[in-house]
Amino acid sequence: MTTLDRHTTAEAEKSGAARGQDRRLRRELGVANLFSHGFLLLWAALTALPLLWMFLSSFKSDGEILSDPWGLPGALRFENWSRAWTEAHIGRYFLNSGIVVAGSLTLTMLLGATAAYVFARYEFRGRQVAYYLFVGGMMFPVFLALVPLFFVVRNAGLFGTWTGLILVYAAYSLPFTVFFLTAFFRTLPTSIAEAALIDGCGHFGLFFRVMLPMARPGLISVAIFNFLSHWNQFILPQVLMQGDDSKWVLAQGLTALAVSQGYQGDFSGLFAGLTIATLPVLAVYVAFQRQIQTGLTAGQLK
């Protein structure tokens with residue numbers, strides 16, 4: 001065998017080995033993709049099917065819910081929704097939750113964005129200590145502070161008020177907001193801020209007119225997370241909003257409805273109330289899902 005023949009044979013063997021390795025790699029990737037897609041489909045089913053079942057049950061009669069829980073409703077009974085909205089006072093609780101969440105979300109985003117911007121863009125003595133004090137709040141669960149929080153709010157004269165609940169919501173949301181937005185503000189280009197200052201823009205104008213619009217994806221993302229947390233909050237209003245049920249938020253109203261329906265048997269009204277409470281969360285996520293994904297990824301890039 002000549003040198004040329006040996007060289008050709010070696011190249012053919014290397015090419016065959018490379019093709020075999022590529023085939024094995026493609027098979028492994030195919031198995032991994034099949035497993036990951038199967039897991040995602042299973043997770044989607046576990047998440048979506050209970051919501052679909054709750055939505056369909058809100059149009060059924062109590063007899064259909066008990067006799068055929070997995071079947072389709074015989075008719076669309078919108079009176080279940082109207083009964084839950086008026087007789088079970090879900091409309092009033094819905095409005096109360098809207099007021100509390102709007103106030104707490106506005107306060108959280110304003111304070112959180114301001115603090116995060118200062119931590120990210122300015123150097124001053126004690127900056128790291130102050131930042132870690134903020135972030136350290138994420139380590140303390142809400143259950144740990146319920147008793148002292150109860151006495152603090154009561155002694156401040158804010159017990160059973162929306163103002164007290166708004167302040168507590170904002171306080172518990174600030175650590176995550178500051179942590180998230182500080183990392184996001186650090187990714188924004190310094191050259192634009194320097195150019196704005198050279199053009200005569202003050203520090204407040206720089207923050208509100210330049211940096212906040214640039215941080216819009218991160219602000220939307222953290223605002224959505226805070227909205228979901230505030231809207232679904234139960235333990236804090238249960239402790240701090242006792243007494244007058246006219247000021248209850250939606251989580252308290254749904255709990256009272258569930259307890260009372262256990263004796264009255266109006267399960268259709270209960271499912272209608274649960275669906276009404278879930279719709280704002282789904283609507284917000286569907287409307288802003290692209291902004292949430294953009295904000296989560298943009299804050300990781302330099």
Tell me which donor-acceptor pairs under 3.5 Å the side chains of residues 148-158 have, and how far apart each pair is, sequence neighbours excluded?
residue : atom : partner : partner atom : Å
N155    : ND2  : F151    : O            : 3.0

Listing, residues 251-258 side-chain donor-acceptor contacts under 3.5 Å, not counting sequence neighbours, or none:
residue : atom : partner : partner atom : Å
Q252    : OE1  : V249    : N            : 3.3
Q252    : NE2  : P237    : O            : 3.1
Q252    : NE2  : M241    : O            : 3.3
T255    : OG1  : A251    : O            : 2.8

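In this structure, the separation between CZ on R83 and CG on L270 is 10.5 Å, given to the nearest 0.5 Å. The CZ atom of F271 sits 11.5 Å away from atom OG1 of T278, with the distance rounded to the nearest 0.5 Å. How far CD1 of I224 is from CG of L228: 6.5 Å, rounded to the nearest 0.5 Å. Taking CG of L219 as the reference point, atom CE of M214 lies at 11.5 Å (rounded to 0.5 Å). Atoms CH2 and CD1, on W85 and I90 in that order, are 8.5 Å from each other to the nearest 0.5 Å. Within the model, atoms CD1 of I99 and CH2 of W162 stand 4.0 Å from one another, a figure rounded to the nearest 0.5 Å.
Cluster annotation: I198 is not connected to M211 through the hydrophobic network of ILVMFWY side chains, with a link wherever side-chain heavy atoms come within less than 4.5 Å. No continuous path of hydrophobic side-chain contacts links Y169 to L144 [ILVMFWY only; heavy atoms under 4.5 Å]. Both F204 and L197 are members of a single hydrophobic cluster when ILVMFWY side chains are connected at heavy-atom separations under 4.5 Å. Cluster annotation: V142 is connected to V147 through the hydrophobic network of ILVMFWY side chains, with a link wherever side-chain heavy atoms come within less than 4.5 Å. By the criterion of side-chain heavy atoms lying less than 4.5 angstrom apart, applied directly or through intervening Ile, Leu, Val, Met, Phe, Trp or Tyr residues, L206 is grouped together with F124 in one hydrophobic cluster.
Residues meeting the side chain to side chain donor-acceptor pair (under 3.5 Å) test with W248, sequence neighbours left out: none. Residues passing the side chain to side chain donor-acceptor pair (under 3.5 Å) test with R127, sequence neighbours excluded: E123. Take Y131 and apply the ring-ring contact (aromatic ring centres under 6.0 Å, His included) test, not counting sequence neighbours, and it matches F119. Evaluation of the ring-ring contact (aromatic ring centres under 6.0 Å, His included) rule for F140 yields no partner, not counting sequence neighbours. Judged as a side chain to side chain donor-acceptor pair (under 3.5 Å), and not counting sequence neighbours, the contacts of Y122 are H203. Partners of F234 by ring-ring contact (aromatic ring centres under 6.0 Å, His included), not counting sequence neighbours: none found. Looking at residues two or more places apart in sequence or on another chain, you find a salt bridge (Lys or Arg N to Asp or Glu O under 4.0 Å) between R77 and E64.
Scanning both residues, L174 and G112, for their nearest heavy atoms gives CD2-N, 3.5 Å. In terms of heavy atoms, A215 sits closest to F185 at CB-CE2, 3.7 Å. In this structure, L56 and P73 approach most closely via the heavy-atom pair O-CG, 4.0 Å. Nearest heavy atom pair, residue D62 against residue S268, reads OD1-N, 2.9 Å. Closest approach of A170 to L107, counting heavy atoms only: CB-CD2, 3.8 Å. Minimum interatomic distance between S58 and W81 (heavy atoms only, all atoms of both residues): OG-NE1, 3.3 Å.
Residue pairs meeting the side-chain hydrogen bond (donor to acceptor under 3.5 Å, both in side chains) criterion with at least one partner in residues 86-111, sequence neighbours excluded, are S104-H230. Sorted by first and then second residue, the side-chain hydrogen bond (donor to acceptor under 3.5 Å, both in side chains) pairs involving residues 42-57 (not counting sequence neighbours) form an empty list.
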### S221/F184 under side-chain contact (heavy atoms from CB on, under 4.5 Å): CA gap, chis, key distance, verdict
CA-CA 11 Å; S221 299; F184 196 91; over 6 Å; no
### Task
List the steps, then state whether side-chain contact (heavy atoms from CB on, under 4.5 Å) holds for L282 with L51.
CA-CA 10 Å; L282 294 177; L51 295 176; 4.3 Å; yes
### Query
side-chain contact (heavy atoms from CB on, under 4.5 Å) between M109 and V222: does it pass, once the steps are laid out?
CA-CA 8 Å; M109 296 306 300; V222 75; 3.3 Å; yes
### Task
Step by step, work out the ring-ring contact (aromatic ring centres under 6.0 Å, His included) result for F59 and F78.
CA-CA 6 Å; F59 294 104; F78 289 100; 5.2 Å; yes
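Other cluster members for L133: V129, joined by side-chain heavy-atom distances under 4.5 Å among Ile, Leu, Val, Met, Phe, Trp and Tyr.
At least one donor-acceptor pair under 3.5 Å links the side chain of K60 to the backbone N or O of P69. W231 places a side-chain N or O within donor-acceptor distance of the main-chain N or O of A277, the cut-off being under 3.5 Å. A donor-acceptor pair under 3.5 Å is absent between the side-chain atoms of S229 and the main chain of F225, judged by distance alone.
Counting heavy atoms of neighbouring residues, nucleotides and ligands inside a 6.0 Å radius, atom OH of Y132 does not exceed 12 of them.
Within the 4.5 Å cutoff, side-chain heavy atoms of R121 are placed close to those of T190.
Note: F176 and Y172 fail the aromatic proximity criterion, with ring centroids not under 6.0 Å apart.
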